[in-house]
Number of protein chains: 2
Amino acid sequence: MAHSSTTKQSNISLSNCGYSKVLDIISNKWTALVIYAMENGKIRYGEMLRRVEGISKKMFTQTVRKLERDGLVQRHIIPTVPLSVEYSLTTLGETLLQPMKELRQWGRENYTQVVEARVKYDSAYTPGSHEAGSIN
Amino acid sequence: MAHSSTTKQSNISLSNCGYSKVLDIISNKWTALVIYAMENGKIRYGEMLRRVEGISKKMFTQTVRKLERDGLVQRHIIPTVPLSVEYSLTTLGETLLQPMKELRQWGRENYTQVVEARVKYDSAYTPGSHEAGSIN
DNA sequence: CAGCATCCTTACAGATACTG
DNA sequence: CAGTATCTGTAAGGATGCTG
């Protein structure tokens with residue numbers, strides 16, 4: 001797409017980048033974990049709270065509502081007493097699973113290198129460590 | 001997915017999920033755009049500010065420093081007067097490009113559906129809009 | 001059980017000004 | 001040119017209490 005005169009590459013903006021749109025969907029702290037909790041099928045509210053470690057009721061509800069609004073999650077109310085609610089991925093939601101898994105895979109394979117890079121960076125730039133071989 | 005009652009799948013936690021680790025790296029507002037700006041090779045500070053629309057000097061520096069610390073970006077100083085700095089992805093950084101592109105691709109292909117889902121959701125739950133057959 | 005409402009604390013991010 | 005420093009508003013996230 002030849003865009004304009006002197007520019008060689010098109011600009012990158014938050015508004016035209018497909019990636020940013022995805023991030024808008026899945027970049028919240030708990031969103032990915034909530035999705036993963038549903039990757040094997042339906043799961044109930046209470047079990048979700050137990051499965052996803054550390055999530056609060058508020059954050060779960062907020063997260064899953066957003067996903068529901070985005071069409072990625074289905075909410076299924078079962079009128080028992082007291083009532084039950086089951087959550088599951090929609091067809092659209094399932095299509096997101098694959099790219100997310102690849103990112104997760106990247107994390108599993110490469111996170112060690114990232115941690116090592118951090119240690120190296122920190123030891124190089126921390127005041128007090130003048131490039132001597134000291135690891136904190 | 002026949003797991004009823006006491007069958008335990010392992011819990012999902014922020015600390016053991018590879019995905020969360022990746023998110024910790026790339027989920028910031030500008031990170032992905034900065035990475036994309038480097039996907040075709042070296043790019044200088046000034047050009048980066050122009051390419052990534054709306055980013056401030058502060059946010060760029062902050063973002064790129066974090067990426068450098070994580071070992072995904074290289075910083076190359078050229079001692080001109082005044083000085084120049086070029087940024088580029090490391091080998092590790094390039095490996096991240098592929099899964100990120102797939103996510104971006106998902107966004108391009110499916111974002112419309114997400115938007116439609118939102119409209120539908122909002123019209124269903126907004127006070128004042130009874131389901132008297134408008135959308136759909 | 002499955003939520004919503006409220007308060008509060010921090011992290012994120014923008015604007016602006018200054019420096020080697 | 002390529003940053004750093006500070007100030008400030010906003011939004012995310014956590015803690016807690018109440019409800020059908």
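Chain naming here is simple, since letters A, B, ... match the order of the sequence lines and numbering starts at 1 in each. Note that this is a predicted model, so its numbers are computed, not measured.
- In this entry the distance linking CD of A/Glu68 with P of C/dA2 reads 15 Å, nearest Å.
- At least one test fails for B/Arg75 against the ring of B/Tyr45: distance under 6.0 Å to the centre or angle within 45° of the axis.
- Within the nucleic acid shown, B/Phe60 has no heavy atom closer than 4.0 Å to any nucleic acid atom.
- Between D/dC1, C/dG3, C/dA2, one nucleotide has an atom nearer to the side chain of B/Leu83 than all others, and that is D/dC1.
- Both A/Gly54 and A/Pro82 lie near DNA chain D, and the one whose nearest nucleotide falls closer to the 5' end is A/Gly54.
- At a threshold of 4.0 angstrom between heavy atoms, the contacts of A/Ser84 are confined to the sugar-phosphate backbone, with no base atom among them.
- At the phosphate of C/dC4, OP1 or OP2 sits under 4.0 Å from a side-chain N or O atom of A/Arg65.
- Looking at the side chain of B/Thr61, the nearest of the listed nucleotides D/dC1, D/dG3, C/dA13 is D/dG3.
- Side-chain atoms of B/Ser123 come within 3.5 Å of backbone N or O of B/Lys120 as a donor-acceptor pair.
- Here the C1' atom of nucleotide C/dA11 and the CD atom of B/Gln62 are 10 Å apart, to the nearest Å.
- Side chain of B/Tyr45, nearest nucleotide from D/dA2, C/dG3, D/dG14: D/dA2.
- Residue B/Arg44 places none of its side-chain N or O atoms closer than 4.0 Å to OP1 or OP2 of D/dC1.
- Under 4.0 angstrom from either OP1 or OP2 of C/dG3 there lies at least one side-chain N or O belonging to A/Tyr87.
- For A/Leu23 and C/dC12, the CG to P distance is 14 Å, given to the nearest whole Å.
- In terms of polar N and O atoms assigned as donor or acceptor, the side chain of A/Lys57 comes within less than 3.5 Å of the base of C/dG3 in a complementary pairing.
- Although no hydrogens or angles enter the test, the distance criterion places a donor-acceptor pair under 3.5 Å between the side chain of B/Asn110 and the main chain of B/Trp106.
- The base of C/dG14 sits within donor-acceptor range of the side chain of B/Lys58, with an N or O pair under 3.5 Å.
- Taking atom NZ of A/Lys66 as the reference point, atom C1' of C/dG3 lies 20 Å away to the nearest angstrom.
- Between B/Met48 atom CE and D/dG3 atom C1' the separation is 14 Å, expressed in whole Å.
- In this entry the distance linking CE of B/Met59 with P of D/dA5 reads 16 Å, nearest Å.
- Straight-line distance from the NZ atom of A/Lys29 to the C1' atom of C/dT10: 11 Å, rounded to whole Å.
- Relative to the six-membered ring of A/Tyr36, A/Arg104 meets both conditions, a distance below 6.0 Å and an angle of at most 45° to the axis.
- Taking atom CD of A/Glu53 as the reference point, atom P of D/dG14 lies 14 Å away to the nearest angstrom.
- A chain of hydrophobic side-chain contacts below 4.5 Å, direct or via other Ile, Leu, Val, Met, Phe, Trp or Tyr residues, connects A/Ile77 to A/Leu67.
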